[in-house]
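Have a look at the structure below, then the notes.
All values derive from a computational prediction rather than experimental measurement. Residue numbers start from 1 in every chain, and the chains themselves are labelled A, B, ... in the order their sequence lines are given, proteins ahead of strands.
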Number of protein chains: 2
Amino acid sequence: MSSTHTHSKKSQSLTKNQRIVLDLLQNSGEPLKAYFILDSLKKEGLNSPLQVYRALDKLVELGKIHKIESINSFIICNNSNCASNTAFTICERCGKVKEIKNKYLTDGVSDLVKDNKLEITRYNLEFYVLCKSCKIN
Amino acid sequence: MSSTHTHSKKSQSLTKNQRIVLDLLQNSGEPLKAYFILDSLKKEGLNSPLQVYRALDKLVELGKIHKIESINSFIICNNSNCASNTAFTICERCGKVKEIKNKYLTDGVSDLVKDNKLEITRYNLEFYVLCKSCKIN
DNA sequence: CCTCTAAGTGTTATATTATTACATACGTGA
DNA sequence: TCACGTATGTAATAATATAACACTTAGAGG
């Protein structure tokens, strides 16, 4: 354990603010709003919106979370860092959001994109649905 | 032509506020922000944000315009009222937005959706691209 | 013609979401 | 040790959107 700093670990380590925001999103699993995150993390030392937005921006950039544009919310990425390509279903009745893991859908979109000669850097797909439990009731 | 009022003609006529907002979006062709619309239409008698948002909401509902969620902007629908199914490309460099008219893409998405047993009521697809002129320069 | 109703209007105030600006700290590599 | 990139903390403010309430209008239908 003598020479512990062979090369920088910085790149894979998050700062404190980034960490606590990521943890909250991870534990929640649901989309959360910036100001809700702020309120939730007051006790951890977060005091201003900017601290939250900066952490969120960084986490989005790292592909660890996604922003769901139509509801101004942020959610943990459950596709092991899909690097800003997002596809979600949002229930119109109960608001529940799910990240679409279905490879066929996302691959299909990629194919469509290729076929149509679109040079995409990233995309954001939001499908409004009626979720199973809402469909039943 | 004696009984001219067989059924209401109301449905196809817009109110004054809806009309002037739609006209502005039509003439512009670009995505516009709500408060820009407000400023632009002060002289036409629009005084408050709510007047703009109400008109925008109605026009979105009618499928005459779309909201582009990731830039909080509204744009005329050039697919003859696609009823809230939207697909756009947004240039990451210059910000130019285009509604995707390509039937293959939108049909393809519909197919994917069917194949994946998603019961979609509507969708919002935002593809970030590098547009032709930006690619050259 | 009269009245009921749904939809729209106008206005004030306020809520929600996000950024600017600026001074400071901290770690890494030269 | 210094410079640089990145993050931090804080206050102020900008940008986006909605709530609440009183009032008007247009068309349906008697």
Side-chain angles (χ1 to χ4, degrees), chain A residues 3-25 31-62 64-75 95 124 126, chain B residues 3-25 31-62 64-75 95 124 126:
Chain A
S3 67
T4 46
H5 64 314
T6 24
H7 65 299
S8 170
K9 302 285 176 194
K10 178 81 168 294
S11 51
Q12 64 237 43
S13 69
L14 300 176
T15 66
K16 185 204 158 216
N17 287 354
Q18 291 159 10
R19 182 85 258 156
I20 60 178
V21 169
L22 182 62
D23 284 349
L24 180 63
L25 285 166
L32 301 181
K33 294 183 169 256
Y35 277 73
F36 175 90
I37 293 171
L38 177 56
D39 286 344
S40 303
L41 297 177
K42 281 259 163 74
K43 53 186 179 307
E44 316 285 340
L46 277 197
N47 291 308
S48 83
L50 199 43
Q51 292 174 300
V52 174
Y53 281 110
R54 285 197 283 224
L56 289 170
D57 285 351
K58 190 63 185 182
L59 293 169
V60 166
E61 188 189 320
L62 295 174
K64 296 193 176 300
I65 66 172
H66 298 298
K67 179 171 189 184
I68 304 174
E69 298 287 353
S70 63
I71 54 174
N72 301 315
S73 300
F74 299 84
I75 191 170
N124 171 54
E126 303 176 3
Chain B
S3 64
T4 46
H5 64 316
T6 26
H7 66 297
S8 170
K9 302 287 178 194
K10 177 81 167 294
S11 51
Q12 65 236 44
S13 68
L14 300 176
T15 66
K16 185 202 158 217
N17 288 355
Q18 291 160 9
R19 183 85 257 155
I20 61 179
V21 169
L22 182 62
D23 285 350
L24 181 63
L25 286 166
L32 301 180
K33 292 179 170 261
Y35 278 72
F36 176 89
I37 293 171
L38 177 55
D39 286 343
S40 303
L41 296 178
K42 279 261 165 69
K43 52 185 177 309
E44 316 285 341
L46 277 195
N47 292 309
S48 83
L50 202 43
Q51 294 175 297
V52 175
Y53 282 109
R54 287 198 282 225
L56 290 170
D57 285 351
K58 189 63 186 182
L59 293 169
V60 166
E61 187 190 320
L62 295 173
K64 295 193 177 300
I65 66 173
H66 297 298
K67 179 171 189 183
I68 305 174
E69 299 286 353
S70 64
I71 55 174
N72 300 314
S73 299
F74 298 84
I75 191 170
N124 172 54
E126 302 177 4

TODO: Measure across A:I20 and A:E44 and return the closest heavy-atom pair with its distance rounded to 0.1 Å.
DONE: CD1-CB, 3.8 Å

Check the interface with nucleotides 9-13 of chain D: list each N/O to N/O pair with the protein under 3.5 Å, or write none.
unit_1	atom_1	unit_2	atom_2	d
D:dG9	OP2	A:N17	ND2	3.0
D:dG9	OP2	A:Q51	NE2	2.4
D:dG9	O5'	A:Q51	NE2	3.3
D:dG9	N7	A:R54	NH2	2.4
D:dG9	O6	A:R54	NH1	3.2
D:dT10	OP2	A:N47	ND2	2.9

TODO: Using side-chain hydrogen bond (donor to acceptor under 3.5 Å, both in side chains) as the criterion, list what pairs up with A:S73, not counting sequence neighbours.
DONE: none

Open item on the list: Using whole Å, what does the distance between atom P of nucleotide D:dT8 and atom CG of A:D57 come to?
Closed with: 12 Å

- [ ] Report yes if the side chains of B:Y35 and B:L38 come closer than 4.5 Å at any heavy-atom pair, otherwise no.
- [x] yes

TODO: State, to the nearest 10°, the angle formed by the axis through the first five base pairs of the helix from C:dC1-D:dG30 to C:dA30-D:dT1 and the axis through its last five.
DONE: 30°

Task: Nearest-angstrom distance from the residue atom NZ of B:K67 to P of C:dT17 - done: 11 Å

TODO: Could you check if a side-chain atom of A:V21 sits within less than 4.5 angstrom of a side-chain atom of A:L41, using non-hydrogen atoms only?
DONE: yes

Task: Steps toward side-chain contact (heavy atoms from CB on, under 4.5 Å) verdict (B:L56, B:K67) - done: CA-CA 9 Å; B:L56 290 170; B:K67 179 171 189 183; over 6 Å; no

Task: Check: A:K64 side chain, A:K58 main-chain N or O, donor-acceptor pair, under 3.5 Å - done: no

- [ ] For B:E44 and C:dG10, give me the distance from atom CD to atom C1', rounded to whole Å.
- [x] 17 Å

Task: Nearest-angstrom distance from the residue atom CZ of A:F74 to C1' of C:dT16 - done: 13 Å

Open item on the list: Rounded to whole Å, how long is the line connecting atom CD of B:E69 with atom C1' of C:dT17?
Closed with: 14 Å

Task: Whole angstrom value for the distance that separates C1' of D:dA15 from CG of B:D39 - done: 12 Å

- [ ] Tell me whether the OP1 or OP2 atom of C:dA7 has a side-chain N or O from B:K58 closer than 4.0 Å.
- [x] no

- [ ] Round to a whole Å and report the spacing from CG of B:N72 to P of D:dT18.
- [x] 10 Å

Open item on the list: At less than 4.0 Å, is any side-chain N or O atom of A:K33 found next to OP1 or OP2 of C:dT17? Yes or no.
Closed with: yes

Open item on the list: Please compare A:Y53 and B:A55 by the position of their nearest nucleotide in DNA chain C and report the one closer to 5'.
Closed with: B:A55

Open item on the list: If I take atom CG in residue A:L14 and atom C1' in nucleotide D:dT8, what distance separates them, rounded to the nearest angstrom?
Closed with: 15 Å

Open item on the list: Closer than 3.5 angstrom, by distance alone: can the side chain of B:Q51 be matched with the main-chain N or O of B:N17 as a donor-acceptor pair?
Closed with: no

Task: Shortest non-hydrogen contact from A:N124 toward A:E126 - done: ND2-OE2, 3.1 Å

Task: Sub-4.5 Å side-chain heavy-atom contact between B:D57 and B:R54 - done: no

